[in-house]
Amino acid sequence: AFSPCGTTLAAASSDHTVTLWNISDRFGAQSPFDSKIERLITKFKGHQSWTSDVKYSNDGKTIISAGDNSLRFWDCSPDQRLIRSLEAHKNRVCSIACNPDGVSFASANDHFIKIWDIESGRLLHRLESHQKGTRWLVYSPDGKTLTSMSGDRTAVKLWDTQTGNL
């Protein structure tokens, strides 16, 4: 995931971490493989198994990572600390999406989509989603609709983010 300002990149990893890279010099490089382009800033550690997804909050101050059955919130300031951890689902969380409204975000797997308040971590909606699990989530540009795709990629659903209804 690119930071909103485009200067850092957060990557989910099979080593249970989120790796944060400085990519601010990439446009001035002679080659896309120039070692000056990408500099490791830090690795956030805390998930018990591979990290499946990572997103920046809209203000770029927080990274949300999904792995095992949890969500972790990481501070992007120089402190680079764990802010909060949520045991979000019964099974692996495979997808997260931040609402453009900056107020909420969604996570998915185990046949449920959950919509959360980004500041408090409070659960706002629990949506029964796809029979084959949910593989992918994305918000509409206005934040009023959440789109989900089934784990077997055969169905797409559009959810009203205010009511939680299809």
Side-chain angles (χ1 to χ4, degrees), residues 1-6 8-20 43-76 80-166:
F2 285 95
S3 63
C5 64
T8 58
L9 177 71
S13 178
S14 63
D15 70 357
H16 310 189
T17 66
V18 173
T19 306
L20 188 61
K43 281 193 169 205
F44 296 117
K45 299 176 183 176
H47 289 287
Q48 301 304 308
S49 67
W50 59 277
T51 308
S52 53
D53 200 2
V54 61
K55 297 290 189 287
Y56 276 88
S57 61
N58 295 346
D59 63 9
K61 295 179 181 178
T62 306
I63 292 172
I64 305 168
S65 62
D68 41 66
N69 66 337
S70 70
L71 299 167
R72 302 215 188 281
F73 296 74
W74 308 96
D75 183 358
C76 292
Q80 300 172 347
R81 62 182 174 81
L82 178 65
I83 300 168
R84 175 185 323 115
S85 179
L86 295 174
E87 299 305 314
H89 293 264
K90 290 181 182 176
N91 298 314
R92 171 175 300 286
V93 182
C94 65
S95 184
I96 49 180
C98 290
N99 191 324
D101 70 6
V103 174
S104 61
F105 74 99
S107 63
N109 200 357
D110 67 6
H111 311 294
F112 293 98
I113 297 168
K114 295 182 179 181
I115 299 177
W116 308 85
D117 179 90
I118 203 160
E119 281 296 314
S120 68
R122 182 175 60 89
L123 182 63
L124 302 174
H125 295 288
R126 181 177 179 264
L127 314 173
E128 195 165 338
S129 62
H130 301 273
Q131 291 288 344
K132 303 277 184 182
T134 303
R135 170 66 76 202
W136 172 79
L137 296 172
V138 67
Y139 279 94
S140 62
D142 66 6
K144 294 180 180 177
T145 304
L146 177 66
T147 304
S148 63
M149 179 184 285
S150 64
D152 64 358
R153 297 183 174 112
T154 60
V156 172
K157 293 183 179 181
L158 304 174
W159 306 87
D160 181 309
T161 59
Q162 298 301 308
T163 66
N165 295 326
L166 282 172

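Computation of the quantities below employed the complete heavy-atom set of this structure, encompassing side-chain atoms and omitting hydrogens, waters and symmetry-equivalent molecules.
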Distance in Å, T163 OG1 paired with L127 CG, rounded so as to fall on 0.5 Å steps
8.5 Å

Counting N and O atoms only, with roles assigned by atom type, does the side chain of S3 sit under 3.5 Å from a partner on the main chain of G6, one being a donor and the other an acceptor?
yes

Report the residue from S52, S107, S65 that forms a side chain to side chain contact (heavy atoms under 4.5 Å, CB included) with I96.
S107

Nearest 0.5 angstrom please: S85 OG to R72 CZ, how far?
3.5 Å

All heavy atoms of I113 vs all of A108, minimum pair found to be CG1-CB, 4.1 Å

Side-chain H-bond candidate by donor/acceptor type, T134 with S129, under 3.5 Å
yes

Between CG of L158 and CG of L166, what distance do you get to the nearest 0.5 Å?
8.5 Å

Could you tell me whether the side chain of H111 and the main chain of Q131 form a donor-acceptor pair under 3.5 Å?
yes

Starting at CD1 of I83, measure out to CG of D75 and round the result to the nearest 0.5 Å.
4.5 Å

Check: H125 side chain, Q162 main-chain N or O, donor-acceptor pair, under 3.5 Å
yes

Walk me through whether Y139 and S104 qualify under side-chain contact (heavy atoms from CB on, under 4.5 Å).
CA-CA 11 Å; Y139 279 94; S104 61; 4.1 Å; yes

Minimal heavy-atom distance between Q48 and G46, with the atoms involved, is NE2-O, 3.2 Å

First locate atom CG of L124, then atom NZ of K114, and finally report the distance between them rounded to the nearest 0.5 Å.
12.5 Å

If the plane angle is over 60° it's perpendicular, under 30° parallel, otherwise tilted; pick one for W74 and F44.
parallel

Donor-acceptor under 3.5 Å (N58 side chain, P100 main chain)
yes

So with a 6.0 Å cut-off around CD of E128, is the heavy-atom count from everything else above 12?
no

How about V156 and T147: do any of their side-chain heavy atoms sit closer than 4.5 Å?
yes

How close do D53 and C94 get, heavy atom to heavy atom, and via which atoms?
CB-O, 4.0 Å

Quick check: does any side chain N or O of D101 sit under 3.5 Å from a backbone N or O of G143, one acting as donor and the other as acceptor?
no

Please check if the number of heavy atoms outside Q80 that lie under 6.0 Å from its CD is greater than 12.
yes

Any donor-acceptor pair under 3.5 Å linking the side chain of T51 with the backbone of T17?
yes

When V54, I118, V18 are each screened for side chain to side chain contact (heavy atoms under 4.5 Å, CB included) with I64, the one that passes is I118

Correct closest heavy-atom pair for K55 and C98 would be CB-SG, 4.1 Å

Which of parallel (below 30°), tilted (30 to 60°) and perpendicular (above 60°) describes F105 and F73?
perpendicular

Atom pair OH/CD1 of Y56 and I63 - distance to nearest 0.5 Å
4.0 Å

Sidechain-backbone polar pair: S150 side chain, H130 backbone, donor-acceptor under 3.5 Å
no

Mind running side-chain contact (heavy atoms from CB on, under 4.5 Å) on K43 and D15 for me, showing each step along the way?
CA-CA 10 Å; K43 281 193 169 205; D15 70 357; 2.8 Å; yes

If you define the side chain from C-beta out and look only at heavy atoms, does anything of W159 sit under 4.5 Å from I115?
no

Over 12 foreign heavy atoms within 6.0 Å of CZ, R84
yes

May I have the step-by-step check of side-chain contact (heavy atoms from CB on, under 4.5 Å) for L146 and L137, ending in yes or no?
CA-CA 7 Å; L146 177 66; L137 296 172; 4.3 Å; yes

According to side-chain hydrogen bond (donor to acceptor under 3.5 Å, both in side chains), who are the partners of T145, at least two apart in sequence or on a separate chain?
none

